[in-house]
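Shown next, in structure tokens, is the structure this report addresses.
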Number of protein chains: 2
Amino acid sequence: MQSQIIKKIAEDENISPKVLKIKIDRGKAVLVKNKKRKIKPLTIGEGLRVKVNANIGASTKNPEIKDELKKLKVAQEAGADSIMDLSVGGDLKNIRKQILAASKLIVGTVPIYEAAVKSEKKYGSFERMTNQDILDVIEAQAKEGVDFFTIHSGITKKIANNRKITKRKGGIVSRGGAIISRWIMANQKENPLYEYFDDILDIAKKYDIVLSLGDGLRPGAISDSMDFFQVSELLNLGILTEKARKKNVGIIIEGPGHVPIDQIEANIRMEKEICKNAPFYVLGPLVTDTALGFDHISSAIGGALASLYGADFLCVVTPKEHLGHPNQEDIKLGVIAARIAAHSVNLTRNKRLRKIDEDISTSRKKRDWKKHISLGIYPKAVEGITEKLKFSDACSMCGKYCSLKIMEDCPLV
Amino acid sequence: MQSQIIKKIAEDENISPKVLKIKIDRGKAVLVKNKKRKIKPLTIGEGLRVKVNANIGASTKNPEIKDELKKLKVAQEAGADSIMDLSVGGDLKNIRKQILAASKLIVGTVPIYEAAVKSEKKYGSFERMTNQDILDVIEAQAKEGVDFFTIHSGITKKIANNRKITKRKGGIVSRGGAIISRWIMANQKENPLYEYFDDILDIAKKYDIVLSLGDGLRPGAISDSMDFFQVSELLNLGILTEKARKKNVGIIIEGPGHVPIDQIEANIRMEKEICKNAPFYVLGPLVTDTALGFDHISSAIGGALASLYGADFLCVVTPKEHLGHPNQEDIKLGVIAARIAAHSVNLTRNKRLRKIDEDISTSRKKRDWKKHISLGIYPKAVEGITEKLKFSDACSMCGKYCSLKIMEDCPLV
């Protein structure tokens, strides 16, 4: 069974099943799917097609389940490869249950969110959350069928207590990172996700769950990129990666964040070196802090460049980033932008994917507008425009001065 | 006077006036402004802020002047650094006159368009256009005050007659390139823009016009990138650059086009080498042929990467590229995307520009939403969203689980 799946995936990825298997065995790639779920697993890793994850999830101010289910649908239609449910508002268990039931894609979560929300209710503050509260949530979500978890295990007590972090321009911008940091500071105990990492590995192993080691101290401003905190946490993630490999648990490493364009290559090389070529899942990176309302574009630039240098998995950033809770349109635009970034690198790796570019160019040369549009990254977005074109011989841009038409009619010499 | 301008520009560019002057003297940078125009000149070149050009212009199907004047306004508001009037429809002279009168930015044109349109009227076909027809248009436009011309001088008779170009996936996608190629094939004479390049240089010299040497054979499909035709034309542009330098005429080189992401660096290095560090003006590059409706994003990826490696000037590609004549909204979105690409590199070069990223991050950390939005790349686009935020303490994304708020209230240890 497993070998049949590997064969099919290898075919899609345009590599040999043998090579794919070696990549997975060595932790350079992961096969993501909870053993309880009946979906197609997703492979993420070195030299494979770069994949795209879309975050959805109810917020405290927008707790409606139906809105999130609509976003799931939109993300799937727009071509996302995976979904993360980041809900912190509403009935978390029910939202997750419905997303898991409706999603054809692998689903990830950040269990510390639910642990914090539950502790707020139970104790009045997430600072009073216990190790067992956290492990219970992880186990319960695993049992429900979640395919991968973001676990912020890299923030140790020593790092969290270093108050130089207040000098950062952007501070801590990871929700999980802030929850863990604050918990550590309030309790003056070690991060439970670090201390009980072995227990978490056992749960992951039991359900075939992949752990995505979160970057709770990722830079949230260009000026914070590659600072002491980011790199210290990454060094811990490297150590935890080795622990996970000994127990044969699949690991992904999460990465920045906000990164100046001339540091993107260094970020990828550093992660691949320190984390022994574990797949790299980047949250952007955003190449400027200023692209308010257009962060999907800033992220597409960073994500494409990161992919070129070896990032394996791109997290969608929507136009609503830094402004508010994204709606369906934001999710759609974010997924499309991330897919363009991923495809720009995928077409250089995979002949089957390159063929789409060739075919769209050939149809464009022939002004076969119908075929042209059908091959686009998201045909639905341009159908309105084709209507206006009425499939004329040349488009309204150049009209009779269409270069393709001029050359087609050209007398051959 | 000239030295006052240099001083002011050097200050903006955060370099010394002396260094700027050397760059201009050596042709590594150009100062663009027709001597007849009363506007601020624009500098483009090595190590300077990467600039952004927006194309506007009436098409045969949309020949209205007022629409193009509105697009000019939109492009200026969105932060373009220059404008090109690419009109081929309507009253070309009047459109140009009104654009020149209304534009605070430098204005470029492609004189071969007007020469072709006039010849169509005069002879029934642009194939019958004479050398003198072309030179007359160039001189007339120079006299009117156009600041820079795209001149497709690099396509020689030998290249145009090589029928292997029909094998290209994308063919010839430059309007000027197609006009010149077809003229050469029909007449079996040398390209007038190549043969009479010295006369064109004399006109440029007389009016202080910068020539942007067009890439009429640029790849219009990923699969055509860096092919025989693109590189052959570039080699000619290198020779013409040296000619221009002897006459002390400012030169910019135009570049692709559609380029796979792993060939962008090579394209920039090749241009800088062959054209002796002349400023490079890239038309994208688009990193995939498939981003129909989203080519501004594909172009932002390519443009950012090109800028990182040394491209100096980005031509806006709108979401309407490959689909039709862009409207005001398309121009706006295109300019913003190109500005994000340019800024991602500019912030690594210029401390004054980097400061904007720092300030927006600081205001974000403080949740000073009003200041935050005012510092964004295009505040108007997100004002509607701020209205909904009502400047609450945390945005609707995380609500009470705002990482910044969690850390701000944190007990210090």
Side-chain angles (χ1 to χ4, degrees), chain A residues 59-61 88 169-175 178 182 185-186 221-223 260-262 287-294 297-298 300-301 304 308 323-325 336-337 340 343-345 348 356-358 360-362 365 376-377 381-382 385 395-401 403-404 406-407 410 413, chain B residues 59-61 88 169-175 178 182 185 221-223 260-262 287-294 297-298 300-301 304 308 323-325 336-337 340 343-345 348 356-358 360-362 365 376-377 381-382 385 395-401 403-404 406-407 410-411 413:
Chain A
S59 73
T60 50
K61 295 188 182 187
V88 286
K169 297 281 178 203
I172 295 181
V173 297
S174 155
R175 205 148 62 179
R182 179 138 174 186
M185 280 188 278
I222 290 289
S223 293
I261 194 166
D262 58 356
V287 290
T288 168
D289 304 334
T290 64
L292 272 192
F294 303 91
I297 296 177
S298 172
I301 293 170
L308 177 64
L323 290 168
H325 195 224
I336 292 168
I340 291 170
H343 183 72
S344 75
V345 172
T348 68
I356 308 170
D357 291 76
E358 287 186 14
I360 202 168
S361 290
T362 311
K365 192 176 172 190
I377 191 114
V382 288
I385 299 168
C395 89
S396 61
M397 175 84 162
C398 300
K400 65 190 269 196
Y401 293 100
S403 67
L404 299 168
I406 289 172
M407 295 315 294
C410 192
V413 284
Chain B
S59 74
T60 51
K61 295 188 181 186
V88 286
K169 297 282 177 202
I172 294 180
V173 297
S174 154
R175 206 147 63 178
R182 178 137 174 186
M185 280 189 276
I222 291 289
S223 293
I261 195 166
D262 58 355
V287 290
T288 167
D289 304 335
T290 65
L292 272 191
F294 304 91
I297 296 177
S298 171
I301 294 171
L308 176 64
L323 290 168
H325 195 224
I336 292 168
I340 292 170
H343 182 72
S344 74
V345 173
T348 68
I356 308 170
D357 291 75
E358 288 186 13
I360 202 168
S361 290
T362 310
K365 194 176 171 189
I377 192 114
V382 287
I385 299 168
C395 89
S396 61
M397 176 83 164
C398 301
K400 64 190 269 197
Y401 293 100
S403 68
L404 299 168
I406 288 172
M407 295 315 294
C410 193
V413 284

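Because only heavy atoms are used, hydrogens play no part in the values below, and waters and symmetry mates are left out as well, while side chains stay in. Protein chains get the first letters and strands the later ones, always in sequence-line order, with residue 1 at the start of each.
- Shortest non-hydrogen contact noted between Cys395(B) and Leu323(A) is CB-O, 3.7 Å.
- Nearest heavy atom pair, residue Lys400(B) against residue Thr60(A), reads N-OG1, 3.9 Å.
- Interface residue Ile172(B): backbone and side-chain heavy atoms are both found under 4.5 Å from chain A.
- Rounded to the nearest 0.5 angstrom, Met407(B) CE and Ser174(A) OG are separated by 10.5 Å.
- The two residues Ile340(A) and Ser298(B) make their nearest non-hydrogen contact at CG2-CA, 4.0 Å.
- Counting heavy-atom pairs closer than 4.5 Å to chain A, the top-ranked of the candidates Gly399(B), Pro260(B), Ser223(B), Ala337(B) is Ser223(B).
- Both the backbone and the side chain of Leu404(B) come within contact range of chain A, each with at least one heavy atom under 4.5 Å from a heavy atom of that chain.
- Heavy-atom distances place both the backbone and the side chain of Ile222(A) under 4.5 Å from chain B.
- In terms of modelled atom types and a separation under 3.5 Å, the side chain of Ser396(A) and the main chain of His325(B) share a donor-acceptor contact.
- Interface residue Ile336(A): only side-chain heavy atoms are found under 4.5 Å from chain B.
- Closest approach of Ser361(B) to Asp289(A), counting heavy atoms only: OG-OD2, 2.7 Å.
- With chain A as partner, the option from Gly170(B), Ala381(B), Ala221(B) having the largest number of non-hydrogen pairs under 4.5 angstrom is Gly170(B).
- Residues that satisfy the side-chain contact (heavy atoms from CB on, under 4.5 Å) test with Ser344(B), not counting sequence neighbours, are Ile261(A), Val287(A), Ala304(B).
- The side-chain contact (heavy atoms from CB on, under 4.5 Å) test applied to Thr362(B) returns Lys169(A), Lys366(B), not counting sequence neighbours.
- The line from CD1 of Ile301(A) to CG of Leu308(B) is 11.0 Å long, rounded to the nearest 0.5 Å.
- The two atoms that bring Asp357(B) and Thr288(A) nearest to each other are OD2-OG1, 2.6 Å, heavy atoms only.
- Ala178(B) and Ile406(A) get closest at one heavy-atom pair: O-CG2, 3.7 Å.
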